[in-house]
Amino acid sequence: VLIDRCSVMKITDVRIFRKESDDRKLRAFAIMTLDDAFVVRDIKIIEGAKGLFVAMPSRRAKEPCPQCHHRVAIRSHYCNQCGANLEASSKLKPHRHDPAFLKGARQNEHRDIAHPITVAFRDAIQKAVLDAYEKCLADEVKF
Ligand SMILES: [Zn+2]
């Protein structure tokens, strides 16, 4: 048991997978096990402006293509079903140069697939994942 601060659920395992990628903000992926019974994959460790933080698994929000109504990821350039050019039609495009709108749009683009609903458990996840990441880095230095 890595964290014992939350009586509701215990984080019983965290595995870290370092990722070499062009996205320099994305430092690693984590897989977390709850109560030795439930596994959450695709947790991300991201280098933000205020240091490392943990992002829960998410998927890109979708909107229907105006031509074929196939649901495509928001801000796609083309529909991957019918090939329609979505540049002009996307709801996000008209305001793309407004910084306040862009900030909101970026947050709305991704929907969490699994996430904690209490501050206490969010903190517990953050600490467990970052501790495991630090330990992973420390172990690498030894070899
Ligand atoms: Zn389409």
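Only heavy atoms go into these numbers, but all of them, side chains included; no hydrogens, no water, no symmetry mates. All residue numbers refer to positions in the sequence shown, counting from 1. Just follow the structure's listing: the first ligand is 1, and inside any ligand the first atom is 1.
- Within a 6.0 Å sphere centred on CZ of Arg60, other residues, nucleotides and ligands contribute more than 12 heavy atoms.
- Arg59 pairs in a side chain to side chain contact (heavy atoms under 4.5 Å, CB included) with only one of the listed residues (Asp112, Ile113, Asp42), which is Ile113.
- Scored by the salt bridge (charged side-chain N to carboxylate O under 4.0 Å, His left out) test, Glu134 finds no partners at all (sequence neighbours excluded).
- For the pair Asp139 and Lys135, the salt-bridge criterion is met [side-chain N within less than 4.0 Å of a carboxylate O].
- Closest approach of Arg27 to Arg18, counting heavy atoms only: O-NE, 4.0 Å.
- By the criterion of a separation under 2.8 Å, the protein N/O/S atoms near the Zn ion (ligand 1) amount to Cys65 SG, Cys68 SG, Cys79 SG, Cys82 SG.
- Shown here is Phe53, whose CZ atom has more than 12 heavy atoms of other residues, nucleotides or ligands within 6.0 Å.
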